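Down below is the structure, laid out as structure tokens.
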Amino acid sequence: MDQMDKIINASKRVFNSLGVGHTERIYHKALVYELNCLNYNIDTEMNIVVKYVDSHDKTHNLESIRIDIFIHGLNIILELKAIHRKIQAQEIAQIKKYFNELNKENVKVEYGIIINFPQPSTKEMPSEIEYLKVENN
């Protein structure tokens, strides 16, 4: 079983145990416990400083952005969601933003995984998580 399968299986375990309707924060905390059970070295809510290099080649620190979960050693980003809709371009753009900032710090990330713990809607009761692997190219 590869690393992505292990991560997705841990996410499925969280969702199957907790069910639908919780906040992203609840799923996040439970997934951290599952990743710890797999002996991953993780950072949760890891801050990255966004840097800007001006036209005089001076670097400025702008703001911090926060990665939901970063798995050290494997250098995998996990971006968690608990939304009513399918994963869309804005979630993909968010994870690519993290790739861009980590690339500036010479932290090489092969890929990230967006994991959505879907929420019930007026039309359906979700029964499984949605996930998308995003390559850092």
Side-chain angles (χ1 to χ4, degrees):
M1 181 181 300
D2 72 1
Q3 299 304 327
M4 183 167 159
D5 289 337
K6 288 180 183 178
I7 295 163
I8 296 307
N9 285 343
S11 303
K12 287 177 179 179
R13 177 169 167 59
V14 166
F15 188 69
N16 290 338
S17 177
L18 294 174
V20 297
H22 293 285
T23 64
E24 178 184 320
R25 190 143 185 84
I26 297 286
Y27 294 117
H28 183 141
K29 287 181 177 186
L31 184 56
V32 165
Y33 290 124
E34 285 301 320
L35 295 173
N36 285 331
C37 288
L38 293 170
N39 295 315
Y40 285 127
N41 178 12
I42 64 170
D43 239 329
T44 181
E45 299 184 355
M46 184 173 96
N47 285 313
I48 305 170
V49 176
V50 177
K51 296 182 179 186
Y52 175 74
V53 179
D54 67 21
S55 55
H56 293 292
D57 210 31
K58 183 176 179 192
T59 301
H60 304 274
N61 293 340
L62 301 178
E63 295 279 332
S64 287
I65 55 177
R66 200 174 281 163
I67 293 175
D68 287 337
I69 298 174
F70 185 81
I71 303 176
H72 293 279
L74 302 172
N75 288 10
I76 299 172
I77 294 172
L78 302 183
E79 178 58 31
L80 307 183
K81 299 293 175 190
I83 53 180
H84 297 281
R85 59 178 172 71
K86 298 282 187 198
I87 295 168
Q88 296 178 357
Q90 76 185 62
E91 287 80 34
I92 296 167
Q94 183 178 8
I95 208 162
K96 287 186 173 189
K97 169 182 69 178
Y98 301 146
F99 293 158
N100 186 46
E101 294 309 318
L102 288 170
N103 287 341
K104 291 177 188 176
E105 299 293 324
N106 293 315
V107 176
K108 300 302 175 207
V109 176
E110 185 179 334
Y111 64 90
I113 307 169
I114 303 167
I115 302 168
N116 182 26
F117 297 94
Q119 300 297 298
S121 69
T122 55
K123 296 179 183 170
E124 66 178 357
M125 181 67 72
S127 60
E128 58 186 42
I129 65 166
E130 176 193 14
Y131 59 92
L132 179 68
K133 180 180 181 181
V134 181
E135 302 283 342
N136 181 10
N137 41 15

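Everything quoted here is computed from the prediction, not taken from an experiment. Sequential numbering from 1 along the given sequence is applied to the chain's residues.
- Under a hydrophobic clustering in which Ile, Leu, Val, Met, Phe, Trp and Tyr are joined whenever their side-chain heavy atoms come within less than 4.5 Å, directly or via other members, F117 and I114 fall into different clusters.
- Note on K97 versus E79: no salt bridge recorded, every NZ/NE/NH1/NH2 to OD/OE distance being 4.0 Å or above.
- The hydrophobic cluster around V49 extends to none of the other residues, as no ILVMFWY side-chain heavy atom falls under 4.5 Å of it.
- For the pair E130 and K81, the salt-bridge criterion is not met [side-chain N within less than 4.0 Å of a carboxylate O].
- Side-chain heavy atoms closer than 4.5 Å link hydrophobic residues (I, L, V, M, F, W, Y) into clusters, and following such links, possibly through other members, connects L74 to I8.
- Here the closest non-hydrogen pair linking A82 and E24 is CB-N, 3.6 Å.
- Closest approach of E34 to A10, counting heavy atoms only: CB-CB, 3.9 Å.
- Within the 3.5 Å criterion, the main-chain N or O of I87 finds no donor-acceptor partner in the side chain of N116.
- Side chain of E101 to backbone of F99: no donor-acceptor contact under 3.5 angstrom is found.
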Side chain to side chain contact (heavy atoms under 4.5 Å, CB included) between I48 and V107, worked out: CA-CA 11 Å; I48 305 170; V107 176; over 6 Å; no
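- Remark: the backbone N or O of Q88 is paired with a side-chain donor or acceptor of E91 at under 3.5 angstrom.
- Under a hydrophobic-cluster definition in which Ile, Leu, Val, Met, Phe, Trp and Tyr are linked whenever side-chain heavy atoms come within less than 4.5 Å, directly or via other members, L31 and I77 are assigned to different clusters.
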Test log, rule side chain to side chain contact (heavy atoms under 4.5 Å, CB included), inputs I95 and L132: CA-CA 11 Å; I95 208 162; L132 179 68; over 6 Å; no
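- Linking ILVMFWY side-chain heavy atoms closer than 4.5 Å, directly or via other members, places Y40 and M4 in a single hydrophobic cluster.
- Other residues, nucleotides and ligands contribute more than 12 heavy atoms inside 6.0 Å of the CZ atom of R85.
- H84 places a side-chain N or O within donor-acceptor distance of the main-chain N or O of P120, the cut-off being under 3.5 Å.
- A perpendicular orientation is assigned to the rings of H22 and Y27, their planes being inclined by more than 60° (bins at 30° and 60°).
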Would you list the atom pairs, donor with acceptor, under 3.5 Å between side chains in residues 62-71 and any protein atom, with sequence neighbours excluded?
from	atom 1	to	atom 2	distance (Å)
R66	NE	N47	OD1	3.4
D68	OD2	L80	N	2.7

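- Around CD of E45, the count of heavy atoms belonging to other residues, nucleotides or ligands within 6.0 Å exceeds 12.
- Counting only distance, with no hydrogens or angles, the side chain of K6 and the backbone of L38 share no donor-acceptor pair below 3.5 Å.
- Of the inter-residue distances, the one linking I42 atom CD1 with I76 atom CD1 reads 12.0 Å to the nearest 0.5 angstrom.
- Between the NE2 atom in H28 and the CG atom in L78 there is a gap of 9.0 Å [rounded to 0.5 Å].
- Without hydrogens or angle criteria, N36 side chain to V32 main chain gives a donor-acceptor distance under 3.5 Å.
- Under a cut-off of 6.0 angstrom, the local environment of NZ in K133 is crowded, with over 12 non-hydrogen atoms contributed by other residues, nucleotides or ligands.
- Counting only distance, with no hydrogens or angles, the side chain of N75 and the backbone of K108 share a donor-acceptor pair below 3.5 Å.
- In this structure, the side chains of Y111 and Q3 come closer than 4.5 Å at one or more pairs of heavy atoms.
- Looking at every heavy atom in both residues, L18 comes nearest to A30 through CD1-CB, 3.9 Å.
- Between I7 and I115 there is a side-chain heavy-atom pair separated by less than 4.5 Å.
- Cluster membership check: V20 shares its hydrophobic cluster with I129, using side-chain heavy-atom separations under 4.5 Å among Ile, Leu, Val, Met, Phe, Trp and Tyr.
- Side-chain contact between N136 and L102: absent, with no pair of heavy atoms (C-beta onward) separated by less than 4.5 Å.
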